[in-house]
There are 2 protein chains.
Amino acid sequence: MPPYRRSTGPGGPPAPTTIYDVARAARVSPATVSRVVGGHVQVSPSLTRRVQQAAAKLGYTPNRVARSLRRRDSSLLALIISDIENPFFTSLVRGVDSLARGFGLSVVLLNTDESLDEERRLVAVAAAERMAGVIISPISERESQIEPLLRHRQPVVSIDRRLRSTSIDSVTVTNVKGADEATTHLISEGYRRVACVIGPLYTSTYSDRLLGYRRALDRAGRRFEPELVQDGGLKEDSGYAAVRRLFELRRPPDAILTTNSLQGIGALASLADLGLSPGPKLGFVTFDDMPWTRLVSPAVTAVAQPNYRVGEAAVTLLTKRAADPERKVQSIALSTDLHIRASSLRRPLPRLAEG
Amino acid sequence: MPPYRRSTGPGGPPAPTTIYDVARAARVSPATVSRVVGGHVQVSPSLTRRVQQAAAKLGYTPNRVARSLRRRDSSLLALIISDIENPFFTSLVRGVDSLARGFGLSVVLLNTDESLDEERRLVAVAAAERMAGVIISPISERESQIEPLLRHRQPVVSIDRRLRSTSIDSVTVTNVKGADEATTHLISEGYRRVACVIGPLYTSTYSDRLLGYRRALDRAGRRFEPELVQDGGLKEDSGYAAVRRLFELRRPPDAILTTNSLQGIGALASLADLGLSPGPKLGFVTFDDMPWTRLVSPAVTAVAQPNYRVGEAAVTLLTKRAADPERKVQSIALSTDLHIRASSLRRPLPRLAEG
DNA sequence: ATGAAAGCGCTAACAA
DNA sequence: TTGTTAGCGCTTTCAT
C-alpha cells in the first residue's frame, strides 16, 4: 500500500492564506495580526478591527502546526484508551472532554485495541506530535512503555489501570474493595460456591479485583478454589467460554462474579444457553453498571464505577502536573458503588428498593 | 479557568533532542539524518547505522510538528463522530483504524456529542491542525459546516449521514430500504398498527428511515397515522418517553420500530415498566444489531448495519480523494440486513433458525 | 502600541 | 550518495 499523500497537482493543496496575507490586506505587520489572533496582547481597537475584517474576507484559518512548532506546545490532549468498544471507557471520555475544554484543550482519542504494539505506536505519535498531555489506560502494568512522553516532559496520567515501572499520576477506582464487597454480598446472601470470571492479570485492574475476591473469601472463612477462577478475557466471547468451563466442573458454582461489562454480557448469554437464569439459585454480579443491567430479567446486580469523575480527575491531575512538573506524584482512587438487584438475591426485592 | 500552559521553569520542557544533535553525534549532515529517519531516500549502510545508533543513544523522537509544517501535510486522520457512547459509531472506528494504518495514518477521534457548537469547534481544530483528512458524521444535514476544511482542500468524507449543501464523498447504509423491510416484515407478520420511534429529522439517517417506514405502509395499503410516529431522540431516555407516549394514545400500536440502538434500549425498558413484553402480541424491531439484542428475552429482531465496512469504505474514499481532488464525487450506500428473532414473530421460531 | 527580525525543527531543492 | 541552504507559518524578543 502506498503511503497516503495528498496530491500536489493543480487541484492539490492551494497556496494557503497566511498571517502575511492578512497583514498585507490590513496594512499592518504580521506581528500585529498574530497579536490580534492570539488575543492576549493589547492592540488598538482600530487595528484590531482592520485585522479582523481582513481575516474574515480572506477566510483565514490560523495554522496551529506553525504555532505549535514556534511555541513548542500544542493544544491537543491525547486520551489513549485500550478499547473503544468498551462502554466503561467511552463514558469516561465525556468527563475528560468537559473539563479539558475549559482549559482550551481539544481531546483526541486514540484506540489501542488492547494491542501492545499499537499502544507503542500511539504513544510515539503523541510524543512526535508533542501533544500537550496524555491520559492513558495502559494495557499492561509492567510492559506498557511511556518513556517517549516522559523524555519530552509531557504530562502523563494513567487511568483505570496502574503502571508499574514509572511513578506517574493515576486515577483508578477502589477495585479491591469493589470486588470484596460484591463477593461478600453474594456470600452473605447464602451462596456457597462463588466463582470469579477474571480478566488479564497483567492489568492491575484485574489483579486487584481478584485480590478483593480472595479477601472476601478469607474473611468469610471460605477456602479459595482455583478452579472457580476462570479467565474471561476482555470481550463477550471469552466471558461466554469462561462460564461454560465453570459448568463443566465436577462441582459447578452457585454464584458468579464477572469483572467487566462485556464479560458480563457473554456470561449471561452462556447461562441462557445452559438453560440457567440468575436469581435465587444462581447468584450473579458484574462489574460496570450499564443500561443493559436494568434491562435484562432479572435485573443484574452491578459494581458501578464513577466513570465520569474518573475522567474529570485525570484532567485535573494533568493540569496540575503541567503547572508544576516537580509536584509530588498523586494517585487517586475513587469509590465504586454496589447496586444490588434481583440477580444476586435469594428472595425478591420489594419493587421500590431496586437500583 | 487559566488556559493550560506547560510550565517553562527549571523542571519545564527540556531542550529537546533535534535532528542537529543526532547529526553532530553521528558526524553527518542534518539532511542525512532526515533521510535515514524518513526512510525513503537512499543512504549508505554505514552512515545509516551511525545515524541510527546516535539517534538511539540520544533517545531521539522525530518532531512531527516541524515535519508537518515543512511538508504542509500531517499523518493524522480525524474521525469526527457525533456520539462516542453510541455503539454504532464505536464499532465503525475499528474499520477506519485497520485500513488507515496501512496508509501510514493515525486515527484520532473527536467527539461532538451531538452539539453543533462543538462540531464547529472540532472542524476548526482539524482545519487548524491541517490534518490529512476528515471523516465526519455530521450532526445536521443542513446546518453542519465544513467550509474551513474545504478551503484547505482537506479531503472530507461524511459517514452515516448526508450533508446537504456541499457535494462531498459519503458512505451511508440503505436506510430507506432497511426501514421499509423492517416495517414490511412486521406488517406481513400480521401486526396491525405499526408505530415508529424516530430520531431528529434534520439528520438524513432518520428522515430516510421515516421515509422507508411510510413506503412500507403505502405499499401495504395502510394509512399513515402521524400519532404513531414519535420522536425518540438519540438516547435511552427519549426512547423511553416516546414509547410511553405511544401507549397513552387512545389506540396504542401493536408493533414498534425503533430507529437506533439506544432508543431501542429505552423502549424496551419502557415496555417492561408498562408490563408489556415483545412477541406475538407486540411486535418489536430495532435498528442496530448489538450484543444485547440476543441477550434479552425474547431476542430482539434488528436491522443490522455493516459498521465495520462503512469505516473501511470511508477510508478508501478518503485516500482516493487525496490522490485526485478533481475526482467525481462518490456516494456509497451499503446494505443493511434484517435479523429476524422472536420479538417480531407471532409464532415462535424453531431454535436453529434464530439469527 | 506597533514593527523588524530571528528562529522553532524539519524537508527538499540544488550543488557537489 | 551527501552536504548546504532556504523556508514552511507562526510567536516573541527587541527596538521604536
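Each chain gets a letter, A, B and so on, in the order the sequences are listed, and its residues count up from 1.
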Legend entry - Per Q42(B) side chain, nearest of listed nucleotides dG3(D), dG3(C), dT1(D):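 The nucleotide sitting nearest to the side chain is dT1(D).
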Inset, instruction - Would you please confirm or rule out a distance under 4.0 Å between OP1 or OP2 of dG3(C) and any side-chain N or O of T32(A)? - result: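 T32(A) to dG3(C) OP1/OP2: side-chain N or O found under 4.0 Å.
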Legend entry - OP1 or OP2 of dT12(D) under 4.0 Å from side-chain N/O of S34(A):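 Checking dT12(D) against S34(A), no side-chain N or O comes under 4.0 Å of OP1 or OP2.
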Can you give me the N/O atom pairs linking the protein to nucleotides 5-9 of chain D at distances under 3.5 Å, or say none if there are none?
{"from": "dG7(D)", "atom 1": "N2", "to": "R70(B)", "atom 2": "NH1", "distance (Å)": "3.3"}
{"from": "dC8(D)", "atom 1": "O2", "to": "R70(B)", "atom 2": "N", "distance (Å)": "3.4"}
{"from": "dG9(D)", "atom 1": "OP1", "to": "R72(B)", "atom 2": "NH2", "distance (Å)": "3.2"}
{"from": "dG9(D)", "atom 1": "N2", "to": "A66(A)", "atom 2": "O", "distance (Å)": "3.4"}

Inset, instruction - Classify the side-chain pair R121(B)/S106(A) by whether it contains a donor and acceptor separated by less than 3.5 Å. - result: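 Distance-only check passes for R121(B) and S106(A).
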Legend entry - Pair S29(A), T32(A): side-chain N/O donor-acceptor within cut-off below 3.5 Å: yes
Inset, instruction - Using a strict 4.0 Å threshold on nitrogen-to-oxygen distance, state whether R94(B) and D97(B) make a salt bridge. - result: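 D97(B) and R94(B): not salt-bridged.
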Atom pairs and distances, side-chain donor-acceptor, residues 55-66 of chain B, under 3.5 Å, sequence neighbours left out:
{"from": "T61(B)", "atom 1": "OG1", "to": "R151(A)", "atom 2": "NH1", "distance (Å)": "3.3"}
{"from": "T61(B)", "atom 1": "OG1", "to": "H152(A)", "atom 2": "NE2", "distance (Å)": "3.3"}
{"from": "N63(B)", "atom 1": "OD1", "to": "V65(B)", "atom 2": "N", "distance (Å)": "2.8"}
{"from": "N63(B)", "atom 1": "OD1", "to": "A66(B)", "atom 2": "N", "distance (Å)": "3.1"}
{"from": "R64(B)", "atom 1": "NH1", "to": "S75(B)", "atom 2": "OG", "distance (Å)": "3.0"}

By the 4.0 Å heavy-atom rule, please label [X] as base, sugar-phosphate, or nothing.
{"X": "R64(B)", "answer": "nothing"}
{"X": "V43(B)", "answer": "sugar-phosphate"}
{"X": "V37(A)", "answer": "nothing"}

Report the distance from atom [atom1] of [X] to atom [atom2] of [N], rounded to the nearest whole Å.
{"X": "R5(B)", "N": "dT12(D)", "atom1": "CZ", "atom2": "C1'", "result": "11 Å"}
{"X": "D21(B)", "N": "dG9(C)", "atom1": "CG", "atom2": "P", "result": "9 Å"}
{"X": "R24(A)", "N": "dG3(C)", "atom1": "CZ", "atom2": "C1'", "result": "16 Å"}
{"X": "D73(B)", "N": "dT11(C)", "atom1": "CG", "atom2": "P", "result": "12 Å"}
{"X": "R50(B)", "N": "dT1(D)", "atom1": "CZ", "atom2": "P", "result": "16 Å"}

Legend entry - Residues in side-chain hydrogen bond (donor to acceptor under 3.5 Å, both in side chains) contact with S140(A), at least two apart in sequence or another chain: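 Expected list: none.
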Legend entry - D169(A) side-chain N/O to Q330(A) backbone N/O, donor-acceptor pair under 3.5 Å: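 Side chain of D169(A) to backbone of Q330(A): a pair is present.
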Inset, instruction - Ignoring hydrogens and angles, tell me if any N or O in the side chain of Y202(A) forms a donor-acceptor pair with the backbone of E143(A) under 3.5 Å. - result: no
